[in-house]
K.L.:
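One structure coming up, written as structure tokens, with questions to follow.
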Amino acid sequence: MWRRTTLLSSLMPSSKASLLHQMQAAYGLKIWGAFSTEVLKPAKGRIPPREKPPFITFVLGGPGSGKGTQCAKIVETFGFTHLSAGDLLRKEISSNSENGAMILNMIKEGKIVPSDMTVKLIQRAIESSENDKFLIDGFPRSEENRQTYERIVGEEPNVVLFFDCPEEEMVKRVLSRNQGRVDDNIDTMRKRLEVFTSLNLPVINYYSEKGKLYKIRAVGTEDEIFEQVHPIFAAFEVLK
Ligand code: C5P
Ligand code: MG
């Protein structure tokens with residue numbers, strides 16, 4: 001669950017609550033400190049709890065389908081925070097965490113890391129950000145990933161993007177990208193594609209049935225692909 005707060009006004013006598021409303025209107029959230037109780041006061045240096053759940057976009061697609069590239073464009077244009085599940089796991093490896101060796105082995109084999117671990121890394125990253133809109137790239141990779149997120153976080157995503165790219169194109173991109181990744185080689189790539197087909201496609205179907213899925217044809221130039229992505233987020237901006 002996202003950490004939530006009770007409306008300050010519901011804890012106060014009505015005259016004080018009405019004054020609070022007026023001051024909140026005038027000064028926005030800066031009024032917080034003046035009226036907060038011990039319980040509501042955020043700890044020093046910590047991000048205050050959210051009053052409403054953040055806007056969450058899951059970004060799906062096979063390895064090399066262009067998720068990261070398009071996420072960078074969405075961040076630049078619409079101010080989202082980009083959280084790549086793979087990057088969070090790789091950071092865990094390089095921070096010498098106790099699970100680092102296990103995560104590294106799973107990544108080398110193209111296997112899916114236990115969902116609890118990935119969901120907690122995502123949850124921690126969201127909670128330590130002040131932004132209220134996130135792109136969660138490469139997640140959920142399986143039905144189990146999806147169900148674990150729902151169980152731990154207790155929320156559904158607002159939008160799900162799926163970058164649909166032919167296999168030969170994905171293989172070509174991954175083998176030529178040269179980012180020094182242990183899993184960007186032909187053997188691991190084969191395994192990643194198998195895992196994608198067997199475990200990720202059911203997730204894509206699940207969101208499609210829920211009417212949350214936006215399928216993008218992920219071939220062409222970065223700008224051509226972004227032309228399909230842009231209107232989706234522009235529409236949500238208008239609704240805000
Ligand atoms: O998304 P990316 O290609 O960076 O993921 C690299 C690897 O990280 C995956 O092949 C998988 O081993 C692991 N991963 C995972 N669970 C996720 C996302 C990535 O286990 N949700
Ligand atoms: Mg990526």
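Keep in mind that this is a model prediction, so the values were computed, not measured. Just so you know, ligand 1 is whichever comes first in the structure, and atom 1 is the first atom listed for that ligand.
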K.L.:
Among all protein heavy atoms, pick the one closest to atom 8 (O) of ligand 1 and tell me residue, atom and distance.
P.N.:
Ile107 CG1, 3.7 Å

K.L.:
Is the positively charged end of Lys215 above the ring of Phe162, judged by distance under 6.0 angstrom from the centroid and angle within 45° of the axis?
P.N.:
no

K.L.:
Looking at Gln179, I'd like to know if its CD atom is crowded, meaning that more than 12 non-hydrogen atoms belonging to other residues, nucleotides or ligands lie closer than 6.0 Å.
P.N.:
yes

K.L.:
Using the benzene-type ring in the case of Trp, are the ring centres of Phe58 and Tyr149 under 6.0 Å apart?
P.N.:
yes

K.L.:
I need the atoms of ligand 1 closer than 4.0 Å to a non-hydrogen atom of Ala85, numbered in the order shown.
P.N.:
18 (C), 21 (N)

K.L.:
Which of the atoms in ligand 1, numbered in the order shown and given with their element, are less than 4.0 Å from a heavy-atom of Arg90?
P.N.:
4 (O), 6 (C)

K.L.:
Could you check whether any side-chain heavy atom of Leu60 comes within less than 4.5 Å of a side-chain heavy atom of Leu161, counting everything from C-beta outward?
P.N.:
no

K.L.:
Hey, which atoms in ligand 1 end up nearer than 4.0 Å to a heavy atom of Gly138?
P.N.:
17 (C), 18 (C), 21 (N)

K.L.:
Counting from 1, what ligand 1 atoms have a heavy atom of Val113 closer than 4.0 Å?
P.N.:
15 (C), 20 (O)

K.L.:
Is it the side chain, the backbone, both or neither of Met117 that has a heavy atom closer than 4.0 Å to ligand 1?
P.N.:
neither

K.L.:
Please confirm whether Arg146 makes a cation-pi placement over Tyr206, using NZ or CZ under 6.0 Å from the six-membered ring centre and within 45° of the ring normal.
P.N.:
yes

K.L.:
Is it the case that the side chain of Lys212 and the backbone of Pro157 share a donor-acceptor pair, with hydrogens and angles ignored and the cut-off at 3.5 Å?
P.N.:
yes

K.L.:
For Lys73, is there any backbone N or O sitting under 3.5 Å from a side-chain donor or acceptor partner on Thr77?
P.N.:
yes

K.L.:
Number the atoms of ligand 1 from 1 as they appear, then name those within less than 4.0 Å of a heavy atom of Gly86, with their elements.
P.N.:
4 (O), 5 (O)

K.L.:
Relative to atom 13 (C) of ligand 1, which among Leu89, Asp87, Asp183 owns the nearest non-hydrogen atom?
P.N.:
Leu89

K.L.:
Answer with yes or no whether Glu109 contacts ligand 1, where contact means a heavy atom under 4.0 Å from a ligand atom.
P.N.:
no

K.L.:
When you measure from the heavy atoms of Arg181 to every atom of ligand 1, does any distance fall below 4.0 Å?
P.N.:
yes

K.L.:
Out of Lys111, Arg192, Arg141, whose heavy atom is nearest to atom 5 (O) of ligand 1?
P.N.:
Arg141

K.L.:
Backbone or side chain, does any N or O of Asn145 fall under 3.5 Å from an N or O of ligand 1?
P.N.:
yes

K.L.:
Check whether Glu143 reaches the backbone of Leu199 with its side chain - one donor and one acceptor, N or O, closer than 3.5 Å.
P.N.:
no

K.L.:
For ligand 1, which atoms, with element, lie under 4.0 Å from some heavy atom of Phe139?
P.N.:
21 (N)

K.L.:
Is the Phe134-Phe55 ring centre distance short of 6.0 angstrom?
P.N.:
no

